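Quantities reported herein were computed from a predicted structural model and do not represent experimental measurements. Heavy-atom basis, side chains included; hydrogens, waters and symmetry copies ignored. Along the sequence shown, residues carry numbers from 1.
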Amino acid sequence: MEPSPHELNQPKSKVESPTTLLKRFSAGAAVGLIIAALNWGSYAYFFDNPIPLTNGIIFCLGLTIISGLMTLKWGYNTLESLLQLLS
C-alpha cells in the first residue's frame, strides 16, 4: 500500500514522553542546585558575611527551577554551558 502524497509531506511528530521530560528537568534542576550551593558557600567565604538562611533557600530554589526549565526547553547542551561558566 503506497502512502499518499499528503502523508509524505507531513513532518514527524516530536512528542516526548513525560518521563523523558521529567528526567531532563531533574538533571537541570540538580545542576542548578549544585551551582546555587557553590555560589552560596563561596559568597559566605569570600565576603565573610553569611547569607541569611531564608534568602539562601529562595535563591537556591529559584536557580534550581530556572536551570531545570532551561534544560527542559533547550536540552542538555544548556547544562554544559552552565557548567562551563563555573570554571
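Rounded to the nearest 0.5 angstrom, F59 CZ and T54 OG1 are separated by 14.0 Å. Summarising the geometry, atom CH2 belonging to W40 is positioned 9.0 Å from atom CG belonging to N55; distances are rounded to the nearest 0.5 Å. Between the CG atom in N77 and the OG1 atom in T71 there is a gap of 10.0 Å [rounded to 0.5 Å]. With rounding to the nearest 0.5 Å, the separation of CD1 in I35 from CG in L82 is 5.0 Å.
Connection of I34 to Y76 is established within a shared hydrophobic cluster, with ILVMFWY side chains joined at heavy-atom distances below 4.5 Å, either directly or through further cluster members. Residues I66 and W74 are members of one and the same hydrophobic cluster, defined by side-chain heavy-atom contacts under 4.5 angstrom among Ile, Leu, Val, Met, Phe, Trp and Tyr. Follow the hydrophobic side-chain contacts under 4.5 Å out from L79 and you never reach L72; the two are in separate clusters. Criterion: ILVMFWY side-chain heavy atoms under 4.5 Å apart, direct or through other members. Under it, L63 and L83 are part of a common hydrophobic cluster.
Using modelled atom types, one side-chain atom of S67 and one backbone atom of G28 make a donor-acceptor pair closer than 3.5 Å.
At a cut-off of 3.5 Å, with distance as the only test, no side-chain donor of T78 or S81 sits close to an acceptor on the other residue.
Surrounding CG of D48 are at most 12 heavy atoms belonging to other residues, nucleotides or ligands under 6.0 Å away.
When all heavy atoms of Y43 and I51 are compared, the closest pair comes out as CD2-CG1, 3.3 Å.
The shortest side-chain heavy-atom distance between L33 and C60 falls under the 4.5 Å cut-off.
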